[in-house]
Structure formats: C-alpha cells, structure tokens
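Note sheet for the following structure.
Reminder, nothing fancy here: chain letters follow the sequence lines and each chain counts from 1. Please read these numbers as outputs of a predicted model, since none were measured by experiment. No hydrogens, no waters, no symmetry mates; every other heavy atom, side chains included, goes into these values.
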There are 2 protein chains.
Amino acid sequence: MRKVVNNGAIPLLCASCEGRSTGVCSALDCDQLVELAEASRKTAAKSGAALLGEAERIDRYANILSGVVKLTKTLSDGRQQIVGLQFAPDFLGRPFRSESTLNAEATTDVTLCSFPKDAIERMMRESPELERRLYRQALNELDEARDWMVTLGRKTASEKIASLLLMIAHHVGPSTVAGRNSARFDLPLTRADIADFLGLTIETVSRQLTRLRNDKIICIENNRLIIVPDLRRLNARAGN
Amino acid sequence: MRKVVNNGAIPLLCASCEGRSTGVCSALDCDQLVELAEASRKTAAKSGAALLGEAERIDRYANILSGVVKLTKTLSDGRQQIVGLQFAPDFLGRPFRSESTLNAEATTDVTLCSFPKDAIERMMRESPELERRLYRQALNELDEARDWMVTLGRKTASEKIASLLLMIAHHVGPSTVAGRNSARFDLPLTRADIADFLGLTIETVSRQLTRLRNDKIICIENNRLIIVPDLRRLNARAGN
DNA sequence: CGCGGGTTTGAATCATGTCAAGTTAAGTGG
DNA sequence: CCACTTAACTTGACATGATTCAAACCCGCG
C-alpha cells in the first residue's frame, strides 16, 4: 500500500484535493484524513463508463472530484429513468446496504477518489462529524428528489426542460455568470440523458429546446453549449 | 411540565407506545427516553388537518403513532404533487433546517407524539445511535423517492395505479393477508390524493381503477376497501 | 468522400387531460 | 322515515400534448 507522508498536517495527497474543503473529507481531522488517504485511490473514468451496476455488490464509496455522474433505474422492459445527478464534490454511495439498487454512470469524464466501504463505515462509527456530514448530504438529496417528483409529476414538457437548465446552471455554479442573471455552461447530458431525466422522449426534448431558442430564452451553440441571457425569464418558464 | 415516573425502567408514557419498539425511540436508552418523554406531547389530528405548512417555522418533530401523513408540494399556480407518504412509526420532520419546504397533512385520522426541535437535536448530538437511526430513515425515504421518480417519469397511468396499490399493501403490512399472495386494505387516500401522488387527474385514476376491477385484478368495496386476490397479478400490472 | 452518432423536424396516433353530466353514499334537518 | 344537500366518485365526449414512426440534417472522423 502506498505510503502517505504525515508531517502533522494534512496528507500530501489531500492537500491539493478539490474535495478537501467542501466534500465529506472536510468533516475529518488530520489523523483521520491520513488513515483514509492510505486506503484511498484516485481513478478517472471516461464519459459513458459504468461506475456501479444495479444489484451489484458495493465495496467502495467515492468522492466525485470532477465531472457529473448520473444515477439511473431501469424497468424490466428497458424504460429508464435518471433518479439523480451528482456533481463534484458529492459523495457517491449508499451506506447501510450491501447491494446497489441503482446504476451509476459517468455522463462526462469524471475523476473519483474512492475508499473501501469498511474504512468509511468504521470512521463513521468513530466520527459523528462524518456521519452527520453524510446525513446532511442524504437529506439534501432527498430534498432534490422531492423537487424532481414535482417536476416529473406536474410540469409540462417545456417547464421540465426549463427546470433542468436552471438546475444545471445552479450546479455548475455562478461561474461564467455575467451580471448575476445570465449563465453559460456546457450541457453535461445528451438529449437521451435529458429525456431519461425528465421522463420524456428525445424528440420532445429537442422540440422544446428549439422552442426555448426560438423564444430567445436560450442560445444553443454546438448542440451542447447553452447560454441563458436572462435567468429570470428562464425561471418564469420553469413554472415556479 | 408533566412529571414522568422513572422507576429505572422505561417511562410509563412510552411503555404502551406503538412507536417504542420500531420507531426512532428504539434508539434511545431509558434515561434518554425519560428526558424526551418529559418534553413530549401526544396529539391527535383529524383527517385533512394540516400538520405543517410550506415555509412555516419548524419547532417540533413528531413520531407518527397511527394513521397516514402525506407530504405535498405546490406550484405557484396550484398544481400539487404528493412527494411522500408516511406511515406509523415514521419520524416526521426535517433536521438541520428551520423552515419547511413542504406541507404535511393528515390523510387519515392520525395520532402523533411530538417533541421540541431542540430536544431532539441535543439528543442527536449526544446519541450517535439516534442520529444513525434518523440517517437510516432518511436513506430509506430517499430510496422510496427515487422509486417514485421512476413511477412518475416512466410508467403509464395503469402501471402507476397498480404500483401505488402494491406499495400501500406492503405498508399496511402482511396483516389481513390470506395465504401470502392476497391483500385487503382500506385506501388511506381519496381519489384526489391518489391523483396528486401519481401525477394524474382524478378522472384518470377513477378510470384505471375501474379497469383493474373489470379485469378482476382487484375488488373495490365502498369505494375505499380494496381486495387484491392475487398480488402477483397486480405486480405484473405495475411494470416491474 | 462517405459513414455513424447525435440531433432536428414532420405527420399521424394515442394516452391523458378537460369539461360536463351523472351516480352513489353519507349526513342533516324536518 | 323521508326529502335535501353535499362531497366523493364514475362515466362519457371531446381536445390536446406528448409519443411514435419516419426521414432528413449536421458534423467530426476515418
């Protein structure tokens, strides 16, 4: 196993880590960080790579360092639904369960920092801080899931699209914002992904996107780069 | 404040409590139970009573002792979506947040055992057991929410109805089951509630229910009592 | 240059929503 | 015990938003 230097400060590996300040690791002190770092592994995955299969055994958890991961569920006849999107520095994994109930797949190139399941679970028992941090993330994911239930159940196709764009704009952060009310970002999802997320077909997604473009609510460049000149107008379309 | 006898055993109030063995209280030891019992309050609410409003201040949490509670969200134009159903002995409340982001309403007559927010939060800090118990419930609710996202996004109206009946059959428990594969239960929801839960209209709900009845998958008595002679056939209709 | 994945667009179809009557069941008061 | 009211539910006819199927488009890449 790789040696990690502990000079009384945080491990070298973590010093430059994007997840250090905002991810679950922020709940750990130096000693714990060292311990975890010893067992950790940085990995990269290409867009489209499966990270976790339904009914697969879980033996590692991971922090997302960069990129976007989609969580999906599939019905027996192939219909698919994305049930969550995770952005850096989210924690990936479902404690207290040995089998996954969903699929995780990279929708962009991603980098992960993964740990053995039992290391995390031991530290959770020792550190209420860590457990609380994970508990909070679970509650946030629950809030998000419930927001999406409203979107899925009660919004029209165009409202769904607008809501998704808005959500992504928030998640990529207020980076690339000129004047607080505009946004500009690369879609981390294909049309098919968007359809799976919103419970629509790719055709409907496409049509609604061109509608938003025709109405000058958004500009689309290269099919993937989205520019929102006025987030308030987009918000009005989202039905909130 | 009411005095609770502590003879070294569990408080009298809790001794006969339905939530004692299975609810969050099961994570507490005698002393903690006594402490919580001192601040607790048993209340009853009629079907239809609002328990918690959106954007309302949260100052108490509660255990559901009996009955069913619906959690709803509403769009500005009045469209409503049920984002969760809670059955006894679920814990009602959203830790780490002072304002509610949803409405809670009794869909049947319910009895609750409520506690001040800060009492729970203090005990959570003192008892990792309790925090873990709540964390687990949050994860379960998250799993359920994600299952419903699939239902809302990808299932047809009749599959939605079948899924809901199945879910309720599971929740009321294997009580009233003759031979493991049949079920018989009172619907704790009106047609309007069902519609709000499944993202449908009451008319569609009604039509699909009569379709299931015509196909002999279910019997409906008094509009509320549902009998499922063969759960497997219902399951086949649910699209799993 | 052609090939393939991702995307857009069009026309026809279908599931669900909308609107409008009915029906049933449970009170309520005479 | 019987009209009357009311809420919840069912049913029908019609409208419409989204899907389906089919074709064309775009663009990077070998």
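Both A/R154 and A/E203 sit near DNA chain C, but only A/E203 has its closest nucleotide nearer the 5' end. Mapped onto DNA chain D by nearest heavy atom, A/N223 and A/S158 fall at different nucleotides, with A/S158 at the one closer to the 5' end.
Considering only side-chain atoms of A/R191, the nucleotide from C/dT16, C/dT7, D/dC9 that sits closest is C/dT7.
Rounded to 10 degrees, the angle separating the terminal helix axes of the helix from C/dC1-D/dG30 to C/dG30-D/dC1, each built from five base pairs, is 20°.
In this structure, the side chains of B/E56 and B/N103 stay at 4.5 Å or more apart for every pair of heavy atoms. By the 4.5 Å heavy-atom criterion applied to side chains, B/L92 and B/L52 are not counted as neighbours. Between B/I194 and B/L198 the shortest side-chain heavy-atom distance falls below 4.5 Å. A/M149 has its side chain out of reach of B/K73: every pair of non-hydrogen atoms, C-beta onward, lies at least 4.5 Å apart.
Counting any heavy atom pair closer than 4.0 Å across all strands shown, A/T190 reaches sugar-phosphate atoms only and no base atom. Among the protein residues, B/G48 comes within range of no part of the nucleic acid, since none of its heavy atoms lies under 4.0 Å from any strand. The residue B/L200 sits close only to the backbone: its heavy atoms come under 4.0 Å of sugar-phosphate atoms, none of a base. Using a 4.0 Å heavy-atom criterion, one finds that B/R224 contacts the sugar-phosphate atoms exclusively.
The distance from atom NZ of A/K155 to atom P of D/dA18 is 14 Å, rounded to the nearest whole Å. Per the geometry, CG belonging to A/L212 stands 15 Å off C1' belonging to C/dT8, to the nearest Å. For the pair A/I220 CD1 and C/dT8 P, the computed distance is 6 Å after rounding to whole Å. D/dA8 atom P lies 15 Å from atom CG of B/L187, rounded to whole Å. Summarising the geometry, the separation between CG on A/N214 and P on C/dT9 is reported as 8 Å, rounded to the nearest angstrom. The CD1 atom of B/I194 sits 14 Å away from the C1' atom of D/dT10 (whole-angstrom rounding). Spacing between atom CD of A/Q208 and atom P of D/dT16 amounts to 17 Å, rounded to whole angstrom units. One interatomic measurement links the two molecules: CZ of A/R79 to P of C/dA15, which rounds to 13 Å at whole-angstrom precision.
Note: B/F197 and B/W148 have tilted aromatic rings, judged against thresholds of 30 and 60 degrees for the angle between ring planes.
Regarding contacts with the backbone of D/dG28, every side-chain N or O of A/N222 stays at 4.0 angstrom or more from both OP1 and OP2. Residue A/T210 has a polar side-chain atom (N or O) positioned under 4.0 Å from OP1 or OP2 of C/dT9. The side chain of A/T204 places an N or O atom within less than 4.0 Å of a non-bridging phosphate oxygen (OP1 or OP2) of D/dT19.
You won't find any donor-acceptor pair under 3.5 Å spanning the side chain of B/R211 and the base of D/dT10, going by distance alone. At a cut-off of 3.5 angstrom, counting only N and O atoms as typed in the model, there is a donor on one side and an acceptor on the other between the side-chain of B/R207 and the base of D/dG12.
None of B/I82, B/V69, B/V68 except one satisfies the side-chain contact (heavy atoms from CB on, under 4.5 Å) rule with B/T107; the exception is B/V68.
Using a 4.0 Å cut-off between charged nitrogen and carboxylate oxygen, A/D196 and A/K70 do not count as a salt-bridge pair.
The 12-atom threshold is not exceeded at CZ of B/R57, counting heavy atoms of other residues, nucleotides or ligands nearer than 6.0 Å.
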